[in-house]
Amino acid sequence: MPSAGERPAVKMGPAPAGEQHRRATEDPEVMELAFEGMDKEKAPSRKRARTEPPAEGLLQPVNLSREELYKEPTNEELNRLRETEILFHSTLLRLQVEELLKEVRLSEKKKERIDNFLKEVTKRIQKVPPVPEAELTDQSWLPAGVRVPLHQVPYAVKGSFRFRPPSQITVVGSYLLDTCMRPDINVDVAVTMPREILQDKDGLNQRYFRKRALYLAHLAYHLAQDPLFSSVRFSYMSGCHLKPSLLLRPHGKDERLVTVRLLPCPPLDFFRPCRLLPTKNNVRSAWYRGQSCPDYEPPTPHYNTWILQDVALETHMHLLASVLGSAQGLKDGVALLKVWLRQRELDKGLGGFNGFIISMLVAFLVSKRKIHTTMSGYQVLRSVLQFLATTDLTINGISFSLSSDPSLPTLAEFHQLFAVVFVDPSGRLNLCADVTASTYNQVQYEAELSMALLDSKADDGFQLLLMTPKPMIQAFDHVVHLHPLSRLQASCHQLKLWPELQDNGGDYVSAALGPLTNILVQGLGCRLHLLAHSRPPVPEWSINQDPPKHKDAGTLTLGFLFRPEGLTSVIDLGPEADKPEAADFRQFWGTRSELRRFQDGAIREAVVWEAESLFEKRLIPHQVVTHLLALHADIPDTCIQYVGGFLDALI
């Protein structure tokens with residue numbers, strides 16, 4: 001046995017911190033003996049090393065007492081651990097969600113700067129001078145430096161206009177709800193036009209929309225001369241060409257911080273609600289087409305909805321504020337859902353499933369007790385995706401309204417007029433009026449994929465769900481580009497879509513989109529799993545320029561997702577020759593339909609496609625699409641760019 005003086009001669013590596021702590025507490029005599037025999041010259045240097053300050057930027061160990069180290073977890077910590085295990089599948093997923101929310105949220109400093117800018121905007125608007133009364137068709141009072149941000153077709157319309165400062169200026173939308181997201185911060189400001197500039201029949205024949213556009217034009221001219229603003233431009237509100245908005249950006253270093261959108265709206269109780277029901281007509285055929293329909297005036301559901309949207313701006317704002325209010329989990333859920341929609345490009349332009357619709361859907365699920373205000377953002381995300389994946393609003397619409405008023409339309413009546421139905425608390429306004437069946441089917445499909453991804457507990461689930469962009473060219477098997485869009489005017493004439501044009505204010509792209517997609521879905525039949533479309537958003541424009549035309553909107557893109565089992569079939573079977581459905585089959589397929597006898601002795605209508613190799617069979621949808629568009633929509637091959645089958649050269 002070595003003596004106590006010889007013990008320090010044994011050199012050992014440093015023990016772990018936990019081990020050192022254990023030895024110091026359990027065997028103090030051994031440690032004292034060890035230090036007694038240490039070299040005297042080394043002792044001062046070690047003492048100096050202990051007193052030196054730690055290097056800057058390095059993490060230092062936390063000194064915890066034994067009681068603190070082994071303290072029992074609090075109820076809050078236990079709840080957080082239990083919630084993480086049950087809801088997030090892993091602590092990593094929870095941390096990723098929390099970091100994402102920090103990235104998309106506005107800081108308090110930026111909110112303060114935005115609030116100051118909004119106060120200045122309000123002061124400037126109130127100082128805009130009035131304009132004496134003039135006929136709507138007499139626009140000579142407009143200065144030369146501004147143009148009316150609306151296509152006035154037909155130009156002749158009854159009514160008069162005069163400008164007066166707004167009766168109320170209110171911040172609405174996601175900024176006030178604390179659900180707006182970076183990097184593009186848009187603050188919506190409702191500018192209530194005074195009652196004295198409106199007339200009883202302004203709901204007819206675009207009179208309200210003409211006054212709304214003139215109101216914006218006068219505001220734009222005077223605000224553009226103010227040095228507070230670096231940019232004053234026009235844009236369409238949610239892509240609707242009858243509802244322009246005015247974009248204001250601050251001057252100086254905050255130019256890219258925020259964009260304020262001015263949205264003129266009527267007083268809350270100005271229009272009679274019964275006149276704006278979706279079954280009513282407010283665009284007369286004699287005015288729009290130049291020829292009257294004495295027996296029947298077609299309803300104008302979209303036109304009426306666009307007016308109701310302006311009327312209900314503040315009502316919807318109060319509803320969302322009361323539901324989201326102090327429930328931070330609901331706000332987090334709305335933010336995550338907006339990110340989810342943006343990554344899949346589902347919220348773009350007219351007919352997009354935008355952030356307002358998803359916020360109202362969260363409020364609806366809260367009212368039905370499918371979401372609770374105490375839920376976390378991740379729980380809200382899962383609940384909404386589950387609802388979207390399992391609920392087809394094209395067949396079974398939903399409604400906020402609990403009223404039993406017999407004058408209100410039923411859900412069945414809404415389904416006759418709109419492709420997707422989600423009715424607001426008034427019972428008159430369809431929140432999804434502009435959403436097409438194809439867009440909602442795509443939302444539903446993406447929700448199903450997202451739920452499967454979340455349930456799989458994949459390590460990269462968060463990355464795929466919320467961080468990875470998914471443009472149409474990557475999400476679909478084949479893609480079709482239609483250009484130029486002016487060709488769709490001929491499609492509207494071919495398909496006799498005059499009522500749709502009248503309802504959409506001459507927007508032939510919106511009028512033709514639904515019938516075109518229905519034709520292609522019917523023609524592709526069992527080959528098709530999903531058909532979606534994409535319309536590029538209309539860019540903003542200068543106040544001294546005319547608004548962009550419908551043909552200037554770029555390209556209409558259609559995406560096709562196919563079922564492998566039916567894709568390569570070279571024959572489409574129709575009904576037997578003696579059945580009444582045979583005539584409809586022949587009319588739908590035109591000259592491609594022919595009568596054939598099959599091995600079982602049946603004589604049926606059929607369409608046979610030319611394809612020999614497997615590569616050609618995979619491109620049969622190309623033949624179907626080009627044939628049907630030329631036959632029914634008068635769209636020739638030269639206007640169709642078909643993208644598909646590019647991988648076959650590598651196989």
Item to check | side chain to side chain contact (heavy atoms under 4.5 Å, CB included) partner of Asp188, the single match among Arg261, Met237, Met317 | outcome: Arg261

Assess the side chains of [X] and [Y]: does a donor N or O sit below 3.5 Å from an acceptor N or O?
X	Y	answer
Gln328	Asp332	yes
Asp503	His302	yes
Asp637	Tyr642	no

Next on the checklist: So which atom in Leu497 and which in Ala511 form the shortest heavy-atom distance, rounded to 0.1 Å?
Outcome noted: CD1-O, 3.5 Å

Checklist entry - Between Val435 and Gly352, what is the shortest heavy-atom contact and its length? => result CG2-O, 4.0 Å

Checklist entry - Do Ser174 side-chain atoms and Thr179 backbone N/O form a donor-acceptor pair below 3.5 Å? => result no

State plainly whether the residues [X] and [Y] are in salt-bridge range, i.e. N to O under 4.0 Å.
X	Y	result
Asp572	Arg527	yes
Lys109	Glu112	no
Arg563	Asp477	no

Next on the checklist: Run the salt bridge (charged side-chain N to carboxylate O under 4.0 Å, His left out) test against Arg344 and tell me which residues pass, sequence neighbours left out.
Outcome noted: Glu446

Please table the atom pairs, donor to acceptor, closer than 3.5 Å between any side-chain atom in residues 359-369 and protein atoms at least two apart or in another chain.
{"residue": "Ser359", "atom": "OG", "partner": "Gly355", "partner atom": "O", "Å": "2.8"}
{"residue": "Ser367", "atom": "OG", "partner": "Phe364", "partner atom": "O", "Å": "2.5"}

Next on the checklist: Taking the ring centre of each residue, are His478 and His622 less than 6.0 Å apart?
Outcome noted: no

Only distances under 3.5 Å count here; give the side-chain donor-acceptor pairs of residues 531-538 to other protein atoms, sequence neighbours excluded, each with its distance to 0.1 Å.
{"residue": "His533", "atom": "NE2", "partner": "Thr436", "partner atom": "OG1", "Å": "2.6"}
{"residue": "His533", "atom": "NE2", "partner": "Thr439", "partner atom": "OG1", "Å": "3.4"}
{"residue": "Arg535", "atom": "NH1", "partner": "Ser510", "partner atom": "OG", "Å": "2.8"}

